[in-house]
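When reading the values below, keep in mind they use all heavy atoms of this one structure, side chains included, and skip hydrogens, waters and symmetry mates. Just so it is clear, the model here is predicted, and its values are computed rather than measured.
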Amino acid sequence: MLETVLLILAAFLIGIGGGYFVRKLIAEAKISSAEVAAKKIIAEAEHEALAMKREKQLEAKEEVHRLRGEIEKESKERRAELQRVEKRLMQKEESLDRKLNNIERKEEDLKQKEEDNRMAQEKLAQLHQEQLAELEKISGMTSDDAKEILLQRVRNEIEHEMVIMVKDIETKAKEEADKKARDIVTMAIQRCAADHVSESTVSVVSLPNDEMKGRIIGREGRNIRALETLTGIDLIIDDTPEAVIISGFDPIRREVARLALEKLVSDGRIHPARIEEIVEKTRKEVDAQIKEEGERATFEARVHGLHPELVLLLGKLKFRTSYGQNVLQHSIEVAHLAGIMAAELGLDINFAKRAGLLHDIGKAIDHETEGSHVVIGAEMAKKYKENNGIINAIAAHHGDIDFQTMEAVLIQAADAISAVRPGARRETLEAYIKRLEKLENIADSFDGVEKAYAIHAGREIRIMVKPDKIDDYSSIKIARDIVKKIESDLEYPGQIKVTVIRETRAVDYAK
């Protein structure tokens, strides 16, 4: 029994030992197999890396070869261009050498001719002296005595003929002076054909449909109020089908409002923030248009070299009228008339055109600066380094000071010709604009006023005040003070509504 147990135990131990050695052998076999597989993978990776390295090296060589080819091609092209330039320079140098040689030969020929002429003159003078001595010997008189007798006789005859001639010239001059002046002025007017379009105080914007009117007005009128406040014009939305009327005396503001409204209608997004953005963008576009109009005027009048600020002032005249006549077109017309008359009289054409184009330059800012447009224009010309003749022509074109040049006289004549021809001007529009400008100036004269806009054809003035200086109670007082000032200083039909607007904005940014 004990032996059996021992045998079983011995068999068990042998089994365990054998299993251990078997597992060990299997593990070693797997490890060996894994090491072989790993070595194989590493070898394959090294082979692929080597192949990839060779491929990249080939690509790099090809890229270097391509770049080298491009560089060589570019170098060849540059060398060819340099050779062409060098060839042209050599040709020009040879041409200059030939011209220089020709000039030197001509100078030598000229010197030789001068020397020959000098010798001929000396010989002629010698012959003259010999002949004079021979004549004195024959006549028994000196040359001075004979000259005096001859000159006295000629003098008497010339004096008599001169008196007759002067009398005839005076008579003919009196007869022809008026006719000649009329001919020059008439010819200048005929040759200068300038078209004028009567300026109005309203613009019409077409709408795609009548529903757009409601969108322009906005909720509780906020859109139309924002547009009128930002532009200073009046929008009239009535029963006119598919149209909005823009009313305002200032053409620049009216143009800004018209363009802004057209953009808003085309875009479809109409709200106060968008309106403010579009109006600001449109103002910049109108400023660019002002510059283009100034440059166009200088080109049309063929006046060059003006200071850029003077060109901008000319562009502003596009939106300025005088008695219904567009001031920029009037200035161009005066430049043409003055240039034509200067050409007929043999005067400085460029001077006359320049003075004619600038003669009303003061009207571009006469509503912003104290003084007449004549004084302001002369100061602007002086400020931007125009010569004294131009300044005098501007200052004298209404007869305020004496003329210093004949061209200045022509400027006055051309200005009168352009202004008095039938249909050129209307008194009523100019008086209307002056009244509205004075109305705005009265409001602007009060402390705390930021902007003032005359709207509704001058029947209402809207005043934007600075909220940090004017409170709600002060707004009532400033409205009453402006009313009293208007009543005492301005003549107007009917009544004028004064509206004071105090607006406070709070702006912050979410980050």
Side-chain angles (χ1 to χ4, degrees), residues 23-105 256 259-260 262-264 266-269 271 273-300 302-312 315 384 507-511:
R23 283 201 303 270
K24 183 176 180 182
L25 290 173
I26 292 171
E28 287 178 354
K30 289 182 177 180
I31 290 171
S32 176
S33 176
E35 287 178 352
V36 171
K39 289 180 181 180
K40 183 178 180 181
I41 290 170
I42 291 171
E44 290 177 353
E46 289 178 350
H47 180 72
E48 289 179 358
L50 183 61
M52 187 177 296
K53 179 179 177 181
R54 290 175 181 175
E55 183 179 353
K56 294 297 181 182
Q57 287 177 345
L58 289 174
E59 290 178 357
K61 288 180 180 181
E62 290 176 356
E63 182 66 18
V64 169
H65 181 70
R66 185 182 64 80
L67 292 175
R68 185 181 292 114
E70 290 179 356
I71 293 171
E72 289 178 355
K73 181 180 179 181
E74 186 176 355
S75 299
K76 288 180 181 179
E77 291 177 353
R78 289 185 177 180
R79 284 197 297 271
E81 181 64 23
L82 289 174
Q83 289 175 357
R84 288 194 296 271
V85 172
E86 184 177 0
K87 185 177 180 181
R88 286 198 298 270
L89 290 175
M90 291 179 64
Q91 291 175 350
K92 289 183 178 179
E93 185 176 357
E94 292 175 357
S95 177
L96 290 174
D97 290 339
R98 288 194 298 271
K99 290 180 179 178
L100 184 61
N101 293 332
N102 292 333
I103 292 172
E104 290 177 351
R105 285 197 301 271
V256 170
L259 294 175
E262 287 179 352
K263 290 178 182 178
L264 289 168
S266 176
D267 183 50
R269 294 176 294 169
H271 51 83
R274 180 64 175 169
I275 291 171
E276 186 173 0
E277 177 186 350
I278 291 295
V279 169
E280 183 62 27
K281 182 179 179 181
T282 305
R283 280 202 181 98
K284 294 179 181 179
E285 293 176 358
V286 172
D287 290 340
Q289 183 184 355
I290 287 172
K291 182 179 179 182
E292 291 176 2
E293 288 294 338
E295 293 172 349
R296 181 191 64 81
T298 59
F299 178 78
E300 186 174 342
R302 297 183 181 179
V303 174
H304 307 291
L306 288 178
H307 192 279
E309 290 298 326
L310 289 178
V311 176
L312 289 178
Y384 296 116
V507 180
D508 203 350
Y509 296 94
K511 300 179 181 178

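- With rounding to the nearest 0.5 Å, the separation of OG1 in Thr282 from CD1 in Ile275 is 11.5 Å.
- With respect to the salt-bridge test (charged N to carboxylate O, under 4.0 angstrom), the residues Arg296 and Glu293 qualify.
- Nearest heavy atom pair, residue Lys291 against residue Val311, reads O-CG1, 4.2 Å.
- Distance check, rounded to the nearest 0.5 Å: CE of Met90 to CG of Asp97 gives 10.5 Å.
- Between the NZ atom in Lys99 and the NZ atom in Lys92 there is a gap of 10.5 Å [rounded to 0.5 Å].
- Rounded to the nearest 0.5 Å, atoms CD (Glu59) and CZ (Arg66) are 12.0 Å apart.
- Counting heavy atoms from C-beta outward, Glu262 and Leu259 have side chains that approach closer than 4.5 Å.
- Ion pair Glu70/Lys73 not flagged as a salt bridge, since none of the NZ, NE, NH1 or NH2 atoms sits closer than 4.0 Å to an Asp/Glu carboxylate oxygen.
- To the nearest 0.5 Å, atoms CG (Leu312) and NE2 (His307) are separated by 10.0 Å.
- The shortest side-chain heavy-atom distance between Ser75 and Arg78 does not fall under the 4.5 Å cut-off.
- Nearest heavy-atom pair, Ala260 versus Val279, reported as atom, atom and distance to 0.1 Å: CB-CG2, 4.1 Å.
- Using a 4.5 Å heavy-atom cutoff, the side chains of Leu50 and Glu46 are not in contact.
- With values rounded to the nearest 0.5 angstrom, Gln91 atom CD is found 7.0 Å from Glu94 atom CD.
- Comment: Arg269 does not engage Glu277 in a salt bridge, judged by the lack of any side-chain N to carboxylate O separation of less than 4.0 angstrom.
- In Lys263, the NZ atom is crowded: over 12 heavy atoms of neighbouring residues, nucleotides or ligands sit closer than 6.0 Å.
- Heavy-atom contacts from other residues, nucleotides or ligands closer than 6.0 Å to CD of Glu44 number more than 12.
- Across every non-hydrogen atom of Leu306 and Thr298, the tightest pair is CD1-CG2, 3.6 Å.
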